[in-house]
Amino acid sequence: MTGTIFHVDLDAFYASVEQQDNPSLKGKPVIVGPQPGNRGVVSACSYEARRFGIHSGMPVSRAARLCPQGIFRPVRMKRYLEISEEIMKELADITPVFQQISIDEAFLDLSGTERLFGPALQVGRMIKERIADRFGLTLSIGIAANKFLAKLASEYEKPDGLFQVTEPIEFLDRLSLKDIWGIGEKTLDRLAELNITSIQKLRSFSRDILCSMMGVAGGRYLYLAARGMDPGIYSDHPRSHSISSERTFARDKKDRTAINKTLLELSQQIMHRLIVGGWQANTAVLKVRYEDFTTTTIQKTLKHYLTSSDELYRVALELLRKKWNGSTPIRLLGVGTTQLLRPGSLEQGELFEDRDLKRRKVEQAVTELKEKMKGLKLTKASLLETKDRCG
DNA sequence: TCTGGGGTCCTTCCGCGA
DNA sequence: TCTGTCGCGGAAGGACCC
Ligand SMILES: [Mg+2]
Ligand SMILES: [Mg+2]
């Protein structure tokens, strides 16, 4: 029995929202990201901008040179989230077997619904019409027997595309290696060194050989991908979770007071998100990027869970002291937490928990949050002072 | 060209205890 | 008791994706 998976992917999402919210931008090269002259890269751009050679991930400074008449807009994440939520609700209405995988993408499992809904392509057209009518946005849909192929299929005719894979091998052989989800620049280079330059060629290698060349997980992945079998690109239950926040300075910094201030702000953001999300974390991570772009992280696992932003801040400071010589200019600072655990979820060996207990925990978290917000100003000042002393 | 911010997963190394 | 090895958790780095 063969499944029918839809992958739905909005086209140039952020840029399209900007055009929709301001129709005078339609038909024009819209580039979403920092203003030119600032550090950073393009988050998204309209197809008109792509004709100038612009793509997401490109430094805005370069984008501005390629397209001086481009319209540069800041990232309005709140707005995109709002639209995304509404669209995802629409999609989830179609089938309960629905999995959102990013702000603008989702899988729908419509296996065995042909008698109810009609042929898959027709359902695809219906979805596209619906979203176009209600939101004025175009999207691309890929339909295939598994998530892996469906994802590739939605790319195939982008933008405003609709494609169903009926012959997986034929379909794959029309693509290039780089099109495969999970094969990036480095893997492409390594494969090229082994004289593997196409998906057909990749398919001719045994699983064992691929594993010996690319690692156990990598080899397995490539072996399955080349055959159109889902290597597991989006698991239903991710095994790791982390929360982090980082900032690239407008200009590299070596001033201790400014650096400490950033560290404190980042720590507060993280702790806020931990509390709101109901997470417990026992590992703190500090990330430092220097002027030459070398990046290091240093982490520490505690014997208890982090309980306050002050505590996280103190750990971050301690880690920075270990890493930083105090004079090399810093380009980016980041603070994060890993090993996240939601109290009361299966890990602790409880199959279920009564609702009152959950409710109490939420309440407790909110109270703690309020406490923290109250004491914020005072804490901030005091902590910054102690810090300056050792700088 | 001069390189964001938010993530997940994998590999390798190391020390520890069985 | 010595030695090899195995599994594990922690740490650091890296590839990749949106
Ligand atoms: Mg996408
Ligand atoms: Mg998209």
Side-chain angles (χ1 to χ4, degrees), chain A residues 7 9-15 31-45 53-67 74-75 77 80-81 84 100-106 148 151-152 154-155 178-191 211 214-222 225 231-235 237-250 252 266 269-270 273 282-303 319 322-323 331-340:
Chain A
H7 179 255
D9 188 337
L10 292 149
D11 301 324
F13 181 50
Y14 300 174
I31 297 142
V32 180
Q35 292 305 110
N38 290 315
R39 284 178 158 171
V41 299
V42 175
S43 275
C45 63
I54 296 170
H55 54 82
S56 57
M58 173 185 281
V60 275
S61 49
R62 171 139 199 253
R65 254 186 315 256
L66 286 174
C67 183
V75 177
M77 197 45 100
Y80 312 145
L81 280 170
S84 165
Q100 182 177 352
I101 56 170
S102 79
I103 191 168
D104 76 327
E105 286 171 83
F148 172 69
K151 174 108 169 86
L152 293 179
S154 69
E155 283 294 317
K178 182 66 183 56
D179 294 331
I180 292 184
W181 195 98
I183 297 188
E185 208 182 327
K186 305 286 178 179
T187 307
L188 207 61
D189 287 351
R190 277 188 75 188
L191 290 173
C211 284
M214 309 296 293
V216 180
R220 172 189 173 275
Y221 187 96
L222 293 173
I233 56 173
Y234 286 105
S235 69
H237 273 291
R239 12 149 37 144
S240 92
H241 191 51
S242 67
I243 289 181
S244 66
S245 187
E246 59 191 58
R247 185 177 310 164
T248 296
F249 298 118
D252 299 346
L266 292 169
Q269 282 171 32
I270 294 302
R273 286 167 60 192
N282 67 355
T283 303
V285 189
L286 176 79
K287 178 170 169 181
V288 184
R289 174 128 75 209
Y290 296 106
E291 47 185 350
D292 67 353
F293 220 71
T294 57
T295 307
T296 72
T297 62
I298 176 166
Q299 66 187 63
K300 184 177 184 182
T301 299
L302 307 166
K303 288 179 190 68
L319 294 175
K322 277 198 205 165
K323 269 281 155 162
R331 180 188 177 93
L332 168 148
L333 276 179
V335 173
T337 54
T338 65
Q339 311 248 19
L340 264 50

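Chain naming here is simple, since letters A, B, ... match the order of the sequence lines and numbering starts at 1 in each.
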For dC2(B), is there a stacking contact with Phe293(A), counting only centres under 5.5 Å and planes under 30°? no

Between Tyr80(A) and Tyr14(A), what is the ring plane arrangement, given parallel below 30°, perpendicular above 60°, and tilted in between?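 Ring orientation of Tyr80(A) relative to Tyr14(A): parallel.
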
Any [X] side-chain N or O less than 4.0 Å from OP1/OP2 of [N]:
X	N	answer
Arg239(A)	dC10(B)	yes
Thr283(A)	dG10(C)	no
Gln339(A)	dG10(C)	yes
Arg289(A)	dT3(B)	no
Thr297(A)	dA12(C)	no

Heavy-atom donor-acceptor pair, Ser154(A) side chain to Leu152(A) backbone, under 3.5 Å: no

Could you walk me through whether His7(A) and Ile101(A) pass side chain to side chain contact (heavy atoms under 4.5 Å, CB included), step by step? CA-CA 10 Å; His7(A) 179 255; Ile101(A) 56 170; 3.9 Å; yes

Using a 3.5 Å cut-off and no angle test, enumerate the donor-acceptor pairs between side-chain atoms of residues 55-65 of chain A and protein atoms at least two apart in sequence or in another chain.
none

Which stems, defined as runs of 3 or more consecutive Watson-Crick or G-U wobble pairs with both pairing distances under 3.5 Å, involve DNA chain C?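 So far as stems of 3 or more pairs are concerned, DNA chain C shows B:5-18 with C:5-18.
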
Euclidean distance, atom [atom1] of residue [X] to atom [atom2] of [N] [Å, nearest integer]:
X	N	atom1	atom2	answer
Phe249(A)	dT3(B)	CZ	P	15 Å
Leu266(A)	dG5(B)	CG	P	10 Å
Phe13(A)	dC18(C)	CZ	P	15 Å
Leu332(A)	dG6(B)	CG	C1'	12 Å
Arg247(A)	dG5(B)	CZ	P	9 Å
Gln35(A)	dG4(B)	CD	C1'	15 Å
Ile243(A)	dG5(B)	CD1	P	18 Å
Asp292(A)	dT3(B)	CG	C1'	12 Å

Nearest to side-chain heavy atoms of [X], which nucleotide of [options]:
X	options	result
Thr248(A)	dT8(B), dG4(B), dC10(B)	dG4(B)
Ser245(A)	dA12(C), dT1(B), dG6(B)	dG6(B)
Arg331(A)	dG6(B), dG4(B), dT1(B)	dG4(B)
Thr301(A)	dA11(C), dA12(C), dC9(B)	dA11(C)
Ile298(A)	dC2(B), dC9(B), dA12(C)	dA12(C)

Pick base, sugar-phosphate or nothing for Val216(A), based on heavy-atom distances below 4.0 Å to the nucleic acid. sugar-phosphate

When we call it a touch if two heavy atoms are under 4.0 Å apart, what does Thr296(A) touch: a base, just sugar-phosphate, or nothing?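 Counting heavy atoms under 4.0 Å across all strands, the contact made by Thr296(A) is with sugar-phosphate only.
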
What are the two closest non-hydrogen atoms of [X] and [Y], and how far apart are they?
X	Y	answer
Ile31(A)	Ile54(A)	CD1-CD1, 3.7 Å
Trp181(A)	Ile233(A)	CE3-CG2, 3.6 Å
Ile103(A)	Met77(A)	CD1-SD, 4.0 Å
Tyr234(A)	Lys151(A)	OH-CE, 4.0 Å

Quick one: side-chain hydrogen bond (donor to acceptor under 3.5 Å, both in side chains) partners of Ser242(A), sequence neighbours excluded?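 If we apply the side-chain hydrogen bond (donor to acceptor under 3.5 Å, both in side chains) test to Ser242(A), skipping adjacent residues, there are no hits.
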
List for me each residue that meets side-chain hydrogen bond (donor to acceptor under 3.5 Å, both in side chains) alongside Arg331(A), sequence neighbours excluded, and say none if there are none. none

Go nucleotide by nucleotide along DNA chain B from the 5' end; which of Met214(A) and Val41(A) gets its closest nucleotide reached first? Val41(A)

By nearest heavy atom, map His241(A) and Gly218(A) onto DNA chain B; which one lands nearer the 5' end?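 Result: His241(A).
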
Name all residues meeting the salt bridge (charged side-chain N to carboxylate O under 4.0 Å, His left out) criterion together with Lys300(A); count only those two or more places apart in sequence or in a different chain, and write none if there are none. Glu318(A)

Spacing of the C1' atoms in dG17(B) and dG4(C) (rounded, Å): 14 Å

Distances under 3.5 Å between protein N/O atoms and the N/O atoms of nucleotides 14-17 of chain C, please, pair by pair.
unit_1: dC16(C); atom_1: OP1; unit_2: Gly184(A); atom_2: N; d: 3.0
unit_1: dC16(C); atom_1: OP1; unit_2: Gly184(A); atom_2: O; d: 3.4
unit_1: dC16(C); atom_1: OP1; unit_2: Thr187(A); atom_2: N; d: 2.8
unit_1: dC16(C); atom_1: OP1; unit_2: Thr187(A); atom_2: OG1; d: 2.4
unit_1: dC16(C); atom_1: OP2; unit_2: Glu185(A); atom_2: N; d: 3.4
unit_1: dC16(C); atom_1: OP2; unit_2: Lys186(A); atom_2: N; d: 3.0
unit_1: dC17(C); atom_1: OP1; unit_2: Gly182(A); atom_2: N; d: 2.8
unit_1: dC17(C); atom_1: O3'; unit_2: Trp181(A); atom_2: NE1; d: 3.1

